[in-house]
Amino acid sequence: MSKKVLILSTSPRRNSNSEALAASFAAGAAEAGHAVETICLRDKELRFCRGCFACQKTGKCVIRDDMQQIVPKMEAADVLVFATPIYYYEMSGQMKTLLDRGNPLFVADYAFRDVYFLASAAEDEPGVPARAVSGLEGWIECFPKARLAGTVFGGGVTESGEMKDHPEKLRAAYELGKAL
């Protein structure tokens, strides 16, 4: 059965390493017959959540920016995929802002069940993405029908494009997408 897959790439850099993982995941998911859309936040205007909770009453955020188009896509997707660089052992600020601004989903009849996490970092130790994964898990806990379904971490990359030197990580992301 074909699923709607929404990939949210949160790196501020073009041709970033986390974006390379996202592209591999997308290729695997598309090959498996799923409908895949990728949104890159670097091209979007996202302001910080105001904490006003108006969205909890209306289902819509009062801030007029690109989240007006992103939240409905998140709500309709069967699968959400977050791709981020790891900065200071945590998800990018862009990803955290995206998660906070997803607050209208809390009262929505969201479709997503499986959530995936793809990350890259300069450091390559296994525990590097732990805090970022934990932050995403905290967000997922607010959505009882959803679960963290898989992660891929590609460490040891600093400059844009270096992920190509780690084909095993790109393959892992591809296989994760293909297995949806």
Side-chain angles (χ1 to χ4, degrees), residues 3-48 66-67 69-70 73-74 77 79-102 112 114-140 146-180:
K3 296 179 181 177
K4 289 169 65 174
V5 179
L6 180 63
I7 299 173
L8 298 148
S9 177
T10 69
S11 178
R13 298 192 302 178
R14 293 198 184 284
N15 303 312
S16 73
N17 295 303
S18 60
E19 197 167 271
L21 292 172
S24 289
F25 187 102
E31 184 175 313
H34 303 293
V36 180
E37 179 179 1
T38 300
I39 297 174
C40 296
L41 294 189
R42 76 171 161 276
D43 300 326
K44 305 295 181 193
E45 179 189 348
L46 271 68
R47 291 187 293 234
F48 298 119
D66 289 324
M67 282 302 287
Q69 291 78 44
I70 296 171
K73 291 179 181 203
M74 291 173 74
V79 176
L80 294 178
V81 181
F82 295 96
T84 185
I86 300 292
Y87 296 145
Y88 297 102
Y89 297 91
E90 187 51 271
M91 69 181 74
S92 69
Q94 292 84 345
M95 182 170 159
K96 178 61 170 122
T97 297
L98 174 74
L99 295 178
D100 290 348
R101 290 293 305 287
F112 59 89
D114 292 336
V115 179
Y116 292 87
F117 180 76
L118 310 172
S120 64
E123 296 82 11
D124 198 19
E125 293 77 36
V128 168
R131 290 180 185 100
V133 170
S134 179
L136 179 58
E137 286 174 327
W139 185 82
I140 293 169
R147 69 184 181 105
L148 182 61
T151 67
V152 174
F153 171 62
V157 292
T158 303
E159 298 300 321
S160 291
E162 287 183 347
M163 191 60 73
K164 71 181 178 323
D165 298 330
H166 298 269
E168 73 285 359
K169 298 300 181 177
L170 294 170
R171 186 75 182 165
Y174 173 85
E175 293 299 334
L176 204 56
K178 191 172 179 181
L180 292 180

Suppose we screen for ring-ring contact (aromatic ring centres under 6.0 Å, His included). Which residues come up paired with F117, at least two apart in sequence or across chains? none

My understanding is that only residues two or more places apart in sequence, or in another chain, count here; which of them pass salt bridge (charged side-chain N to carboxylate O under 4.0 Å, His left out) with K73? E37

With sequence neighbours left out, which residue pairs that include part of residues 13-47 fulfil the ring-ring contact (aromatic ring centres under 6.0 Å, His included) condition?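 Every ring-ring contact (aromatic ring centres under 6.0 Å, His included) pair that includes a residue of residues 13-47, provided the two are not neighbours, is F25-Y116.
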
Name every donor-acceptor pair, under 3.5 Å, that has one atom in a side chain of residues 3-10 and the other anywhere in the protein, sequence neighbours excluded.
| from | atom 1 | to | atom 2 | distance (Å) |
| --- | --- | --- | --- | --- |
| S9 | OG | E19 | OE1 | 3.4 |
| T10 | OG1 | A83 | O | 2.9 |
| T10 | OG1 | T84 | OG1 | 3.3 |
| T10 | OG1 | S92 | OG | 3.1 |

If you apply the rule side-chain contact (heavy atoms from CB on, under 4.5 Å), what do you find for L41 with I70, and how did you get there? CA-CA 10 Å; L41 294 189; I70 296 171; 3.9 Å; yes

Sequence neighbours excluded, the answer for side-chain contact (heavy atoms from CB on, under 4.5 Å) partners of S160 is R13

Just jot down the side-chain contact (heavy atoms from CB on, under 4.5 Å) partners of E45, sequence neighbours excluded, or say none. R47, D65, D66

Considering all heavy atoms, the nearest [X]-[Y] contact:
| X | Y | value |
| --- | --- | --- |
| G154 | M163 | O-CE, 3.6 Å |
| E159 | N17 | O-ND2, 3.0 Å |
| I39 | K44 | CG2-CE, 3.8 Å |

Show the atom names and distances, to 0.1 Å, of all donor-acceptor pairs under 3.5 Å that link a side chain in residues 119-138 to residues at least two apart or in another chain.
| from | atom 1 | to | atom 2 | distance (Å) |
| --- | --- | --- | --- | --- |
| S120 | OG | S18 | N | 3.2 |

Nearest 0.5 Å please: distance from the [atom1] atom of [X] over to the [atom2] atom of [Y].
| X | Y | atom1 | atom2 | answer |
| --- | --- | --- | --- | --- |
| R14 | D43 | CZ | CG | 5.0 Å |
| M74 | M67 | CE | CE | 6.0 Å |
| L118 | S11 | CG | OG | 12.5 Å |

Pair listing, salt bridge (Lys or Arg N to Asp or Glu O under 4.0 Å) test, anchored in residues 80-97, at least two apart: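 As it turns out, the salt bridge (Lys or Arg N to Asp or Glu O under 4.0 Å) pairs with a partner in residues 80-97, which skip direct neighbours, are K96-D100.
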
Verify side-chain contact (heavy atoms from CB on, under 4.5 Å) between V115 and R147, making sure each step is shown before the conclusion. CA-CA 6 Å; V115 179; R147 69 184 181 105; over 6 Å; no

Side chains of residues 169-177: which donor-acceptor partners sit under 3.5 Å, not counting sequence neighbours?
| from | atom 1 | to | atom 2 | distance (Å) |
| --- | --- | --- | --- | --- |
| K169 | NZ | F153 | O | 3.2 |
| R171 | NE | E175 | OE2 | 3.2 |
| R171 | NH2 | E175 | OE2 | 2.8 |
| Y174 | OH | E31 | OE1 | 2.4 |
| Y174 | OH | E31 | OE2 | 3.1 |

Quick one: does Q94's side chain get under 4.5 Å of L46's, heavy atoms only?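 Contact flag for Q94/L46 side chains = no.
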
